[in-house]
Amino acid sequence: MNTGGGPGSGHAGRVVVLSGPSAVGKSSVVRCLRERVPDLYFSVSATTRAPRPGEVDGVDYRFVTPAEFDRLVEQNELLEWADIHGGLQRSGTPAAPVLAATRSGRPVLIEVDLAGARAIKKALPEAVTVFLAPPDWETLQARLAGRGTESADVMQRRLATARTELAAQGDFDAVVVNGRLETACSELVSLLVDTASGAV
Ligand SMILES: Nc1nc2c(ncn2[C@@H]2O[C@H](COP(=O)(O)OP(=O)(O)O)[C@@H](O)[C@H]2O)c(=O)[nH]1
Ligand SMILES: Nc1ncnc2c1ncn2[C@@H]1O[C@H](COP(=O)(O)OP(=O)(O)O)[C@@H](O)[C@H]1O
């Protein structure tokens, strides 16, 4: 696994790409990492999905119309993008802010689906891909139902995607199990920041 500092080496920050099934706790882990790693650059994806209660435009996602998303794709402003959950929504990673952050040596966190993780690894080979896994399938179902933000139909589509995603975890550089949130968050802090350099 290449966990080097990336462009402009000598920096402690790394590019971590986080993927995992719906409701495994990616947003919760991202929230924890944003608190724990002060100079972290979190890549704010553009998405055509509607905001969930509590989600803030420009912080969690940039919420855009399908027409605005088309424009981002046409003007080549996205590092990668994907159709998510069988066409329920499109989401993509704006290229310019990620490249600026990697050039300045800040730790970078990008949360994308599996196709996005593969595309980013290709564009930025120094990136470390991490799969966030649930302790077991029942826990994943309970978290999705417990969040209570999706209809039964949308939950079923997310669980269908989840089965495929769980089967692909071996393709990642690292797997972190989200049992206890604080433990998973700490494991990711170590992957994002080279603690040996005393940078935290
Ligand atoms: N390829 C790609 N996937 C993204 C991007 N932003 C979010 N995703 C993925 O889209 C999927 C759906 O995310 P979301 O609707 O926020 O809810 P979730 O399914 O409950 O995690 C997740 O797998 C995210 O990792 C992006 O910019 N590019
Ligand atoms: N480690 C954990 N232990 C218990 N519940 C968790 C944990 N991580 C997340 N959750 C809960 O699971 C649900 C889904 O988490 P969320 O962060 O929205 O997932 P994702 O972003 O992967 O879809 C939320 O209700 C959240 O509070």
Side-chain angles (χ1 to χ4, degrees), residues 6-7 13-35 37-132 144 147 149-151 153-155 157-158 160-162 164-165 168 172 188 192:
R14 293 181 177 142
V15 181
V16 167
V17 182
L18 185 68
S19 298
S22 184
V24 70
K26 298 181 298 298
S27 309
S28 308
V29 166
V30 167
R31 216 170 298 128
C32 173
L33 291 169
R34 289 175 102 168
E35 283 165 16
V37 184
D39 62 339
L40 180 69
Y41 175 71
F42 172 69
S43 169
V44 179
S45 293
T47 186
T48 59
R49 145 161 107 58
R52 290 188 188 126
E55 285 185 331
V56 177
D57 187 34
V59 176
D60 301 292
Y61 276 108
R62 192 170 137 202
F63 296 100
V64 299
T65 60
E68 171 66 359
F69 199 93
D70 288 341
R71 191 195 67 76
L72 293 172
V73 173
E74 276 156 27
Q75 301 195 345
N76 216 14
E77 289 186 29
L78 302 177
L79 196 56
E80 60 74 42
W81 68 272
D83 258 316
I84 312 278
H85 300 313
L88 268 182
Q89 65 215 37
R90 283 180 293 160
S91 302
T93 307
V98 167
L99 298 176
T102 55
R103 270 196 294 272
S104 70
R106 287 172 69 183
V108 173
L109 179 63
I110 306 177
E111 193 236 287
V112 289
D113 74 343
L114 271 71
R118 276 186 216 109
I120 290 168
K121 185 81 182 178
K122 210 168 165 195
L124 303 172
E126 77 272 21
V128 180
T129 57
V130 180
F131 187 87
L132 192 66
L144 182 59
R147 186 169 66 193
T149 50
E150 278 85 19
S151 64
D153 171 50
V154 170
M155 277 199 284
R157 289 173 79 165
R158 284 170 184 272
T161 312
T164 320
E165 290 170 336
F172 284 72
L188 275 148
L192 272 163

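Only heavy atoms go into these numbers, but all of them, side chains included; no hydrogens, no water, no symmetry mates. These numbers were taken from a predicted model, which means no experiment stands behind them.
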Peer 1: Under a 4.5 Å cut-off applied to non-hydrogen side-chain atoms, are S91 and W81 in contact?
Peer 2: no

Peer 1: Take R147 and S22 through the test side chain to side chain contact (heavy atoms under 4.5 Å, CB included) and record every step on the way to the result.
Peer 2: CA-CA 11 Å; R147 186 169 66 193; S22 184; 3.7 Å; yes

Peer 1: Is there a side chain to side chain contact (heavy atoms under 4.5 Å, CB included) between D60 and V44 once you walk through the steps?
Peer 2: CA-CA 6 Å; D60 301 292; V44 179; over 6 Å; no

Peer 1: If only side-chain N and O atoms count, and only distance matters, is there a donor-acceptor pair under 3.5 Å linking T47 with Q89?
Peer 2: no

Peer 1: Kindly indicate whether the side chain of P21, heavy atoms from C-beta on, has any atom under 4.5 Å from the side chain of E165.
Peer 2: yes

Peer 1: Measure the shortest side-chain to side-chain distance between P94 and L72 over non-hydrogen atoms and say whether it is less than 4.5 angstrom.
Peer 2: no

Peer 1: Would you say the side-chain atoms of K26 pair up with the backbone N or O of E111, donor to acceptor, closer than 3.5 Å?
Peer 2: no

Peer 1: Under a plain distance cut-off of 3.5 Å, with no hydrogens placed, do S104 and R106 share a side-chain donor-acceptor pair?
Peer 2: no

Peer 1: Check this for me, if you would: do R158 and E150 make a salt bridge, where the nitrogen-to-carboxylate-oxygen distance has to be below 4.0 angstrom?
Peer 2: yes

Peer 1: Please determine whether side chain to side chain contact (heavy atoms under 4.5 Å, CB included) holds for the pair V30 and L18, giving the CA-CA distance in whole Å, both sets of side-chain angles, and the decisive distance to 0.1 Å.
Peer 2: CA-CA 9 Å; V30 167; L18 185 68; 4.2 Å; yes

Peer 1: Tell me whether K121 is salt-bridged to E80, with the criterion being a basic N under 4.0 Å from an acidic carboxylate O.
Peer 2: no

Peer 1: When you measure from the side chain of T129 to the backbone of A117, do you find a donor-acceptor pair of N or O atoms at a distance under 3.5 Å?
Peer 2: no

Peer 1: Hey, are the side chains of V16 and I110 touching, using non-hydrogen atoms and a 4.5 Å cut-off?
Peer 2: no

Peer 1: Using side chain to side chain contact (heavy atoms under 4.5 Å, CB included), reason through F172 and S19 one step at a time and then give a plain yes or no.
Peer 2: CA-CA 9 Å; F172 284 72; S19 298; 3.7 Å; yes

Peer 1: Does any non-hydrogen side-chain atom of Y41 lie less than 4.5 Å from one of V98?
Peer 2: yes

Peer 1: Flag the pair S151 / V154 as yes when at least one side-chain heavy-atom distance between them is below 4.5 Å, and no otherwise.
Peer 2: yes

Peer 1: Output yes when a side-chain donor or acceptor of R90 lies under 3.5 Å from a complementary backbone atom of F69, and no otherwise.
Peer 2: no

Peer 1: Does this structure show an ion pair linking R49 with E55, if we count only N-O contacts that are shorter than 4.0 Å?
Peer 2: yes

Peer 1: Kindly write out the residues that satisfy side-chain hydrogen bond (donor to acceptor under 3.5 Å, both in side chains) with R34, not counting sequence neighbours, or none if the list is empty.
Peer 2: none

Peer 1: Would you call R118 and D113 a salt bridge, taking side-chain N to carboxylate O under 4.0 Å as the test?
Peer 2: no

Peer 1: What is the distance from atom CG of L78 to atom OG of S45, rounded to the nearest 0.5 Å?
Peer 2: 9.0 Å

Peer 1: Of the options L99, V17, V108, which is the one that meets L124 in a side chain to side chain contact (heavy atoms under 4.5 Å, CB included)?
Peer 2: L99

Peer 1: With the threshold set at 4.0 Å, does a side-chain nitrogen-carboxylate oxygen contact exist between R71 and E68?
Peer 2: yes

